[in-house]
Engineer: 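So that we are looking at the same thing, I have put the structure below in structure tokens.
Computation of the quantities below employed the complete heavy-atom set of this structure, encompassing side-chain atoms and omitting hydrogens, waters and symmetry-equivalent molecules. All values reported here derive from a predicted model rather than from experimental measurement. Here is how names work: the chains are called A, B, and so on, in the same order as the sequence lines, proteins then strands, and each is numbered from 1.
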Amino acid sequence: MSFTLATWNINSVRLRLPIVIDFLNTYKPDVLALQEIKCTNDQFPQKALAAAGYPHQAVNGMKAYHGVALVSRLPLSNVAAREFCAMGDARHVSATVEAGKAPATVHNFYIPAGGDEPDPDINPKFRHKLDFLAELRSWFSEPLFDSGQVITGDFNIAPHENDVWSHKQLLKVVSHTPVETDTLNAMRDERDWVDIVRKHIPETERVYSWWSYRAKDWNLSDRGRRLDHIWATRDVAGLSSNAEILRDARGWSAKPSDHVPVLARFG
DNA sequence: ATGGCGGATCTTATCCGA
């Protein structure tokens, strides 16, 4: 097996199609996982992405919100989408990447953001986020996740102190509260998932994949969070040779996504 | 100075994101 995977919360794939194409032409990942495509399956720019060299696609879209997709240079099989929390929304799509004699299955997730107030008793969005994580954790206990799996996407949680600009100031801010980070860490450890970005970038180094649109100068204030992740089962993780976060992409266009691509090389 | 912006849509107002 040998392939490069990228994940990118694109915040409208139709609006940002030109920078997606530029990214694919420049970095040439074998597989790109997109979140927040914000379109229906019919509206997904499948022809333009096929023409760019990514004819193999798995799309789980919906109107206006959320939506995920995998686009690939390599054939995809076993395409599937799972619904979580009986919400009728589009937050997961998966496919097996035919990358030689040891194929890997990639699961692309858009975990709920969770709203503002980190209290499930008064904030239904935070309740949804915790319920989603519980359902995910339960699913991961299945034998399917013993080996050969990659999970990626916008997890909407920055687990480590150095995954946020200020650990202390974000402890009560949704995405870095202890109930979220403890749950994510427990989910990782009980299934022996490997955080591929942190395998290659030491935890002592601050790294972010998201910066708010509201900052006057995102680069100067640098108040980011590492919300976008690539995890793999131990066997697949053993093959990873590199990971990077494309910080510069936050300034690539006049209208950038608030997230940047995260890439990992396997094999 | 963690929402100050920026998406889509039921568009000139509203809901959503994190």
Side-chain angles (χ1 to χ4, degrees), chain A residues 7-20 34-45 59-69 84-85 87-92 108-120 122-133 153-161 163-181 183-184 206-229 245 247 249-262:
Chain A
T7 181
W8 195 4
N9 179 319
I10 198 60
N11 187 18
S12 174
V13 70
R14 290 176 292 172
L15 189 68
R16 272 178 264 284
L17 181 60
I19 61 171
V20 174
L34 292 165
Q35 304 85 37
E36 286 204 87
I37 61 173
K38 293 188 172 178
C39 66
T40 61
N41 290 359
D42 288 347
Q43 294 170 322
F44 188 75
V59 185
N60 181 17
M62 61 184 280
K63 187 177 179 179
Y65 301 113
H66 321 314
V68 291
F84 288 83
C85 304
M87 294 287 284
D89 55 8
R91 297 179 177 274
H92 167 264
N108 179 15
F109 291 100
Y110 177 50
I111 294 178
D116 283 326
E117 189 60 50
D119 181 346
I122 62 173
N123 175 10
K125 292 178 184 176
F126 196 69
R127 167 67 68 192
H128 178 210
K129 186 176 196 174
L130 297 182
D131 287 350
F132 192 103
L133 290 169
D154 180 0
F155 291 6
N156 268 317
I157 299 173
H160 192 268
E161 288 189 20
D163 293 336
V164 292
W165 64 275
S166 169
H167 171 63
K168 191 176 174 183
Q169 288 178 257
L170 287 170
L171 276 170
K172 292 181 177 176
V173 174
V174 170
S175 74
H176 193 63
T177 65
V179 64
E180 294 170 86
T181 58
T183 300
L184 193 69
R206 283 185 192 274
V207 279
Y208 316 133
S209 64
W210 172 88
W211 292 261
S212 172
Y213 280 125
R214 300 196 185 201
K216 192 177 291 178
D217 184 332
W218 72 272
N219 194 35
L220 185 65
S221 58
D222 199 17
R223 295 187 165 182
R225 307 177 200 170
R226 189 173 72 102
L227 303 178
D228 302 277
H229 300 275
I245 301 181
R247 179 188 172 101
R250 185 63 177 77
W252 268 353
S253 115
K255 285 187 169 293
S257 172
D258 45 356
H259 296 251
V260 299
V262 178

Engineer: Who passes side chain to side chain donor-acceptor pair (under 3.5 Å) against A/W210, sequence neighbours left out?
Structural biologist: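 Side chain to side chain donor-acceptor pair (under 3.5 Å) check on A/W210 returns A/D258.
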Engineer: Sticking with atom P, work out how far B/dC16 lies from B/dT11, rounded to a whole angstrom.
Structural biologist: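 It comes out at 16 Å once rounded to the nearest Å.
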Engineer: Can you check the distance between B/dC10 and B/dG6, where both ends of the measurement are the P atom (answer in whole Å)?
Structural biologist: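 Per the computed distance, 23 Å lies between those P atoms.
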Engineer: Under 4.0 Å, heavy atoms only, any strand: does A/S212 hit a base, just the sugar-phosphate, or nothing?
Structural biologist: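 Counting heavy atoms under 4.0 Å across all strands, the contact made by A/S212 includes a base.
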Engineer: What is the distance from CZ of A/R16 to C1' of B/dG7, rounded to the nearest Å?
Structural biologist: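 Computing the A/R16:CZ to B/dG7:C1' distance gives 7 Å.
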Engineer: Residues in side chain to side chain contact (heavy atoms under 4.5 Å, CB included) with A/H160, at least two apart?
Structural biologist: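 A/N162, A/D163, A/E203.
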Engineer: So what does A/W165 hit on the nucleic acid, given a heavy-atom distance under 4.0 Å: a base, only sugar-phosphate, or nothing?
Structural biologist: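 Answer is base: heavy atoms of A/W165 come under 4.0 Å of a base.
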Engineer: Is there a donor-acceptor pair under 3.5 Å between the side chain of A/R250 and the backbone N or O of A/V260?
Structural biologist: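 Such a contact is absent between A/R250 side chain and A/V260 backbone.
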Engineer: Between A/K255 and A/L170, which has a closest nucleotide on DNA chain B that is more 5'?
Structural biologist: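 Looking at the nearest nucleotide for each, A/L170 comes out on the 5' side.
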Engineer: Considering heavy-atom distances to DNA chain B, does A/S12 or A/V173 have its closest nucleotide positioned more toward the 5' end?
Structural biologist: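 By nearest-heavy-atom nucleotide position, the 5'-most residue is A/V173.
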Engineer: When the C1' atoms of B/dT12 and B/dA18 are compared, how many Å lie between them, rounded to an integer?
Structural biologist: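 After rounding to an integer number of Å, I get 26 Å for this pair.
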Engineer: Can you name the ring pair (Phe, Tyr, Trp, His ring centres under 6.0 Å) partners of A/Y65, sequence neighbours left out?
Structural biologist: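 Counting only residues at least two positions away or on another chain, A/Y65 forms no ring pair (Phe, Tyr, Trp, His ring centres under 6.0 Å).
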Engineer: If the sugar-phosphate is the primed atoms plus P, OP1 and OP2 and the base is the rest, what is the B/S/- string for nucleotides 9-18 of chain B, using protein heavy atoms under 4.0 Å?
Structural biologist: SS----BSBB
Engineer: Kindly write out the residues that satisfy salt bridge (Lys or Arg N to Asp or Glu O under 4.0 Å) with A/R247, not counting sequence neighbours, or none if the list is empty.
Structural biologist: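 So A/R247 forms a salt bridge (Lys or Arg N to Asp or Glu O under 4.0 Å) with A/D222.
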Engineer: Going by salt bridge (charged side-chain N to carboxylate O under 4.0 Å, His left out), name the pairs with one or both residues in residues 209-221 of chain A, residues two or more places apart or in two chains.
Structural biologist: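 Every pair satisfying salt bridge (charged side-chain N to carboxylate O under 4.0 Å, His left out) with a residue in residues 209-221 of chain A: there are none.
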Engineer: Find the distance A/L15:CG to B/dA8:P and express it as a whole number of Å.
Structural biologist: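 About 5 Å, once rounded to whole Å.
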